[in-house]
Amino acid sequence: MKIASFNVNSIKARLTNLTDWLKEAEPDIVCLQELKCIDENFPHGPIEELGYNVAVNGQKTYNGVAILSKHPLEDVSRGLPGNDGDDHARYIEAVVSANGSVVRVASIYLPNGNPVDTDKFTYKLGWMDRLIDHARELLSYEEPLVLAGDYNVIPTIDDVHNPAAWVNDALFRPETRAKFRELINLGLTDAFRACHREAHRYTFWDYQAGAWAKDNGIRIDHLLLSPQAADLLKASDIDRAVRGREKPSDHVPIWVELDLG
DNA sequence: ATGCCGGGCGAAGCCCGA
C-alpha cells in the first residue's frame, strides 16, 4: 500500500498538476495540505473520477487538509484535540481498511511559526505539544499509524541546503527541532530517513530567487510511522520531478510503501 | 537576504506562506 503526502498550495490552482501525479504515481492514500478552500468548494468530481474516496477539513483562504483513499475512509475526525479555541483547519484523521488490514492515517499541516518573536511561534510550539499528546494516545492503540504532512520542521542540518540562512527561522530553531525529536522519541520512525541516509534530499523549494534551479531546498514534509507501521515499511521516496512541471506547488509529494497487502 | 514568487481575495494592493 502506497501512502503519500503532498502540500498542494491551493487545490484549485493545483488540480491538473495533482491529478496528473495521481494518475502516474497511483497512491492508495494521499494526505493533502494547504487546500485553501472550504469543504463545499473541494473539487470532488475530478478526484473521485480517479477512484478516490475523499474526507476534507477545509477553510476559506488558509490551511485546509484532506485524505484521499482508494479504500473506504472510516472513523473520520477533524481537528487536533487539546484546544477548542483553535479554528485553523490543520488536521484530519481516518482509518482505512484494506485487504483485511487496518491503517490509521492523519494529514497534518503544522503551523509555520514565523516570525519567532510573535505569538505565531508560541502557537506553533503549542500545536506541537498537542500533536505529541495526541500521538502518544494513538500509539497506545498499537496499530499501523502514519502521521503524514507538512511539519514545517527541518529536522537536522542534513535537511537544508544552506543551514546558516535558517538558524533563526521557526522551521529550524532549536525549540522546534527539540519538539520534533520529542515527537519522534515517542517511538515514531521518519520513513524517508529510515530508507535514505544521504543528506540534501528536499521536499520544498521556494518560488523565489531560483531556489529550485539551485537545489536550494529544505526537507519539511514527513511521514512518521508507528512501530507497527515501521514493521511493514518497504520503501519511501520524494517525487521531486513534480517541482519542475507547469504551475507547480512549492512542495512535492513524498510517499511510503507499506507491506499491507 | 526576509517576500524577489505565487495564491487568495476581489478587482488594487495587501495578507500570507517558509
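Please read all numbers here as calculations on a predicted model, not as lab measurements. Here is how names work: the chains are called A, B, and so on, in the same order as the sequence lines, proteins then strands, and each is numbered from 1.
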Query raised in the report: How does each nucleotide of nucleotides 4-10 of chain B score, in 5' to 3' order, for protein heavy atoms under 4.0 Å: base (B), sugar-phosphate only (S), or none (-)?
Result: BBSSSS-
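Taking Ile, Leu, Val, Met, Phe, Trp and Tyr as hydrophobic and joining them when side-chain heavy atoms fall under 4.5 Å apart, one finds V95(A) in a cluster with V102(A).
As judged by a 4.0 angstrom heavy-atom cut-off over every strand, N152(A) is placed among residues touching the sugar-phosphate backbone only. Residue-level contact check: A165(A) touches the bases, meaning some heavy atom is under 4.0 Å from a base atom. Nucleic acid contact class of K120(A) (heavy atoms, under 4.0 Å, all strands): sugar-phosphate only.
Evaluation of the ring-ring contact (aromatic ring centres under 6.0 Å, His included) test over residues 224-261 of chain A, restricted to residues two or more places apart or in two chains, returns F204(A)-H251(A). Residue pairs meeting the salt bridge (charged side-chain N to carboxylate O under 4.0 Å, His left out) criterion with at least one member in residues 56-79 of chain A: none, sequence neighbours excluded.
H71(A) pairs by the ring pair (Phe, Tyr, Trp, His ring centres under 6.0 Å) definition with nothing, not counting sequence neighbours. Applying the salt bridge (Lys or Arg N to Asp or Glu O under 4.0 Å) rule to R243(A) yields no partners; only residues at least two apart in sequence or on another chain are considered. Under the rule for a ring pair (Phe, Tyr, Trp, His ring centres under 6.0 Å), F172(A) has no partner lying at least two apart in sequence or in another chain.
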Under 3.5 Å, which donor-acceptor pairs link side chains of residues 164-171 of chain A to any protein atom two or more places apart or in another chain?
{"unit_1": "D169(A)", "atom_1": "OD1", "unit_2": "N114(A)", "atom_2": "ND2", "d": "3.0"}
{"unit_1": "D169(A)", "atom_1": "OD1", "unit_2": "L171(A)", "atom_2": "N", "d": "2.9"}
{"unit_1": "D169(A)", "atom_1": "OD2", "unit_2": "N114(A)", "atom_2": "ND2", "d": "3.3"}

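Residue N216(A) contributes atom CG, which lies 15 Å from atom P of dT2(B) at whole-angstrom precision.
The aromatic rings of F192(A) and H196(A) lie parallel to each other, with less than 30° between the two planes, well short of the 60° mark.
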Can you tabulate the close N/O pairs, meaning under 3.5 Å, that link protein atoms to atoms of nucleotides 11-14 of chain B?
none

